[in-house]
Participant: 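My questions all concern the structure below.
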Amino acid sequence: MKESLAKLNPQQREAATTLEGPLLILAGAGSGKTGTMTHRIAYMIREAGVDPWSILAVTFTNKAAREMRDRVEALVGSVQGMWIQTFHSACLRILRVHAERLGYGKNFVVYDPVDQKSVIKSILKELDMDPKRYTPSYVLSEISHAKEQAKDPAQYRRDFGDQIPYSDLAELYERYEQELKKNNAMDFDDLILRTVQLFERHPDILAQYQKRFRYLMVDEYQDTNMLQYKLVYMLASVHRNLCVVGDDDQCIYQWRGADIRNILEFEKDFPGAKVIKLEENYRSSAHILSGAHSVISNNRGRKAKKLWTRAEEGEKIEYYRASDDREEARYIAGRIEAMMRREPDLTFSDFAILYRTNVQSRRFEESLSGRGIPYQVLSGLRYYDRKEIKDILAYMRLVLNPADDVGLLRIINEPRRGIGAKSQADLETLARVENRNIMDVLREEEIVASFPRKTADSLRMFVQAIDALHIEQEHTSVSDLYDAILVRTGYVEALEEQRTVEADSRIENLMEFKSVILEKERERSALDEPLTLLAFLEELALISDVDNHDPREDAVSLMTLHSAKGLEFPVVFMPGMETGIFPSYRTIDGGEGLEEERRLCYVGMTRAKKKLYMTSAEWRMLYGKTELTSESMFLKEIDRKTMTGDAVYDRKADDTSFARYDKKAPYSDGPYVSPLASLRATREKQAEKKTLAGQDVEAGWIVSHAKFGTGTVIEASGNVLTVIFDEHGTKKLAKDLAPMRRVDPS
DNA sequence: GACATATCTAAAGCC
DNA sequence: TAGATATGTC
């Protein structure tokens, strides 16, 4: 034990042995944060005699929770009794016990963003609001924000008044809440919000948890939002044994509601708090570390701290400006290949390409597979987001909780049963009018009979199937139920009939999913508790995608800068160092947004252990257009002593250099237009396109004239738009042109 | 109701 | 460009 504490440096040791009172650990990138936290737990148990049962450690991701659990287990042998969980799973665990005190049914389900979206869509239809003005994602982000501020619809209305769009949003929010409640469902934000409400409304329950969790730890504290703060505050307010760990320089989720003030003002919120800084970096070589530091020090309002390392200088950061995005990708693949050849110790898994946006991944996939380099992409798409998996999960959910209208609508015509959009809309209306659930309505023969005969038959069969499965659910294992669903609903059969490659891979996925279930059942039976359907769905509802990253796989990792947080690689590439991409064009005006981009840059750079490459492309194809780019301001912020490569200068500021770039792009025509100007121009052009017809079309834009019937058709095109008009200025559709003869545009 | 075609839009994504 | 959604046609 003493021996393991001896591995810690003095600050880490102090952090690990300070158990009482509020404690803020400012843990810089690569400073051994997780090790310190796990040793702290081990110290509690083995030295201080703390009952594991009284420890609650919260993280943001399943991955972080799992890692902490594994490492604690390695130190003390067992994690029995402790809660080492994500915010959401801890809350869900609490809510499962007390849901009824809040008016929810015991079997409430958790809605994911897709489910939320369909709720909003159907409400928009009901209220006859414009889904373009109120896009589901906009409405949901508004609702999510409100929930993060613990505002209910009434409060929202009070705060924003009855002006458009807020009055509409308030109404949508209100209906949304009713709908979820009616469906016995909670969204992700609810998990936290309802727990806070549970504690507020039932002090006896709060007291029970306060008494139990005498030792609280919160990881990634800079990412907490107001609600999470409130939750932590409530739980810690009596004993005040609260330890939070974080790094304000790595706060990259403000757009998601994280409130950086939580960490900046911890000492104010918890007077008498002790602050310990972990500033020794064990990850990166000195050049990389000081390069990263020179960037982040451009931010204002940081906690004072500076990482240092005993490591040697190492290689400098290498910057390369490619001619275009393809060449950039070729360069990176080439570097990987060359290094692999030169240094036998390296494996493909030592490399990571960290980009700002997911669309950038395509070029790298091309260049890597072109050279036969194995890679894994961590995309936003989760395995469990695949259609077939979500369908089956919807069936399972419905079987458990027949009130789940969203799940029902998802699969009532999946596979096709002849219950189309019209019938579904009717069902929704019927249910709404009587304020009942659809499943409920469907049990009434009178209603079912009012549908066309074929539809009515399908509806009856559907209800029968779900009811039968519902009964079966009570006495069969999850895996058997799964099989029963696949068969009973005709889902697999329908896929088999399709006989397409796509359908085959869906079937394969469904089989793979079965093995996931079996695996979970095996895990559970080892603990001597059978896997219930509820427990299974619960676990899946909270699963995330960073889990897809497999560090053992011998492949180059491709992911966004955001998902790279917490990871490290010997060699890191950061492509796309260009204004508009990184920093994103939405933030280049400066302000908080830009500071967050800079923190993201810092996070990216500090992922590298031995070698960091940064690249940009002179010409980049984005949204179907190729444009001249200018180099990211972050490149200019890097201390020149730590970096090699082409000189970095701002071409836009240097007017005399323009002539050099007034040349044709590899894939586009037209004179040089700055990226932003061109973005604006595109919008305007699209708005004006009608006026183009019949008039002199801008020189250089005419691709062809053609005879069409009696009139002339002009096909105007730049890399911006392709529009075809007839002589009256009416836009022609592509199919109209089929019989058209092209003539030379002379 | 299913399928084909046209149109629109564009970040990051933890749970 | 590419994907998601709206609209049109059989």
Side-chain angles (χ1 to χ4, degrees), chain A residues 58-65 85-92 110-113 117 121 131-132 135-137 141 144 148 186-192 219-220 223-225 227-228 252-258 325 354-360 362-363 378-382 385 413 416-424 452 454-455 458 538-547 559-566 576 580-587 593 596-597 599-600 603-604 620-626 667-668 679 682-683 686 689 719-723 731-736:
Chain A
V58 249
T59 65
F60 273 84
T61 65
N62 290 303
K63 191 167 165 250
Q85 290 188 288
T86 64
F87 267 104
H88 292 82
S89 64
C91 286
L92 182 54
V110 179
Y111 276 1
D112 73 5
K117 252 190 193 161
K121 278 186 196 158
K132 282 204 180 113
T135 59
S137 57
S141 84
S144 176
E148 274 160 11
M186 293 197 202
D187 62 24
F188 285 136
D189 296 316
D190 279 333
L191 295 179
I192 318 282
D219 189 18
E220 307 279 18
D223 287 337
T224 48
N225 63 29
L227 262 189
Q228 288 157 335
I252 54 173
Y253 286 113
Q254 272 182 295
W255 53 273
R256 215 161 62 184
D325 47 352
L354 310 179
Y355 34 77
R356 178 67 238 271
T357 68
N358 275 310
V359 284
Q360 289 171 262
R362 228 194 72 218
R363 284 270 175 264
L378 240 95
S379 75
L381 197 79
R382 308 180 302 171
D385 279 342
N413 199 31
R416 301 275 142 84
R417 298 187 174 90
I419 306 170
K422 176 76 171 64
S423 311
Q424 289 180 31
K454 272 186 117 177
T455 312
S458 296
E538 200 141 281
E539 212 173 310
L540 285 194
L542 299 182
I543 222 144
S544 76
D545 80 312
V546 194
D547 300 342
M559 66 185 91
T560 62
L561 288 155
H562 281 93
S563 25
K565 188 165 88 160
I581 292 198
F582 195 29
S584 146
Y585 72 90
R586 297 170 191 227
T587 63
E596 181 151 322
E597 294 284 298
R599 291 193 288 268
L600 188 58
V603 166
R620 178 173 303 275
M621 158 108 93
L622 250 187
Y623 305 141
K625 289 186 303 166
T626 303
Y667 317 112
S668 83
L679 191 84
T682 306
R683 300 262 149 80
Q686 278 175 345
K689 48 189 164 184
N719 45 7
V720 177
L721 73 159
T722 304
V723 202
K731 203 165 149 195
K732 302 310 281 186
L733 304 176
K735 65 176 169 43
D736 297 331

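Bear in mind that the values here come from a model prediction, so they are computed numbers and not experimental data. Chain A is the first sequence line, chain B the second, and so forth, proteins listed ahead of strands; every chain is numbered from 1.
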Participant: Rounded off to whole Å, could you give me the CE-to-P distance for the A/M559 and B/dC14 pair?
Facilitator: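 The answer, rounded to whole Å, is 11 Å.
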Participant: Holding to ring-ring contact (aromatic ring centres under 6.0 Å, His included), I want the full list of residues that pass it with A/Y111, two or more places apart in sequence or in another chain.
Facilitator: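 Partners of A/Y111 under the ring-ring contact (aromatic ring centres under 6.0 Å, His included) test: none.
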Participant: What is the distance from CZ of A/F87 to P of B/dC14, rounded to the nearest Å?
Facilitator: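 So the two atoms are 17 Å apart, to the nearest Å.
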Participant: Determine if A/W255 stacks with B/dA12; use a centre-to-centre distance below 5.5 Å and an interplanar angle below 30° as the criteria.
Facilitator: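 Here A/W255 meets both the 5.5 Å and the 30° conditions.
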Participant: Parallel, tilted or perpendicular: which describes the rings of A/H562 and A/Y253, with under 30° parallel and over 60° perpendicular?
Facilitator: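 Plane angle between 30° and 60°, so tilted.
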Participant: Could you state the atom-to-atom distance from CD of A/E148 to P of B/dC14 in whole Å?
Facilitator: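 Taking CD of A/E148 and P of B/dC14, I get 15 Å after rounding.
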Participant: Name the closest nucleotide to the A/R586 side chain, picking from C/dT1, B/dA12, B/dA11.
Facilitator: B/dA11
Participant: Report yes if at least one side-chain N or O of A/S563 is closer than 4.0 Å to OP1 or OP2 of B/dG13; otherwise report no.
Facilitator: yes
Participant: Could you tell me which residues satisfy salt bridge (charged side-chain N to carboxylate O under 4.0 Å, His left out) with A/R356, sequence neighbours excluded, listed by chain and number?
Facilitator: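 If we apply the salt bridge (charged side-chain N to carboxylate O under 4.0 Å, His left out) test to A/R356, skipping adjacent residues, the hits are A/E597.
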Participant: If the condition is side chain to side chain contact (heavy atoms under 4.5 Å, CB included), which residues does A/S423 pass it with, not counting sequence neighbours?
Facilitator: A/I419, A/F451, A/T455
Participant: Identify which nucleotide among B/dA2, B/dA11, B/dG13 has an atom closest to any side-chain atom of A/N358, counting heavy atoms from C-beta outward.
Facilitator: B/dG13
Participant: Kindly say if A/R416 contacts the phosphate of B/dA2, meaning a side-chain N or O under 4.0 Å from OP1 or OP2.
Facilitator: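 Checking B/dA2 against A/R416, a side-chain N or O does come within under 4.0 Å of OP1 or OP2.
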Participant: What is the distance from CG of A/D189 to P of B/dG13, rounded to the nearest Å?
Facilitator: 18 Å
Participant: Given that A/T86 and A/V359 both sit by DNA chain B, which one's nearest nucleotide is further toward the 5' end?
Facilitator: A/V359
Participant: With sequence neighbours left out, write down each residue that passes salt bridge (charged side-chain N to carboxylate O under 4.0 Å, His left out) with A/D187, or none if nothing qualifies.
Facilitator: A/K147
Participant: In whole angstroms, how far is the C1' atom of B/dC14 from the CD atom of A/E596?
Facilitator: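 Taking CD of A/E596 and C1' of B/dC14, I get 13 Å after rounding.
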Participant: Rounded to the nearest angstrom, tell me the gap between atom OH in A/Y623 and atom P in B/dT7.
Facilitator: 22 Å
Participant: Using whole Å, report how far CD of A/E220 lies from P of B/dC14.
Facilitator: 13 Å
Participant: Starting at NZ of A/K63 and ending at P of B/dG13, how long is that distance when rounded to a whole Å?
Facilitator: 14 Å
Participant: What protein N or O atoms touch nucleotides 5-8 of chain C N or O atoms at under 3.5 angstrom, if any, and at what distances?
Facilitator:
none

Participant: Sequence neighbours excluded, which residues qualify as side chain to side chain donor-acceptor pair (under 3.5 Å) partners of A/T587?
Facilitator: none
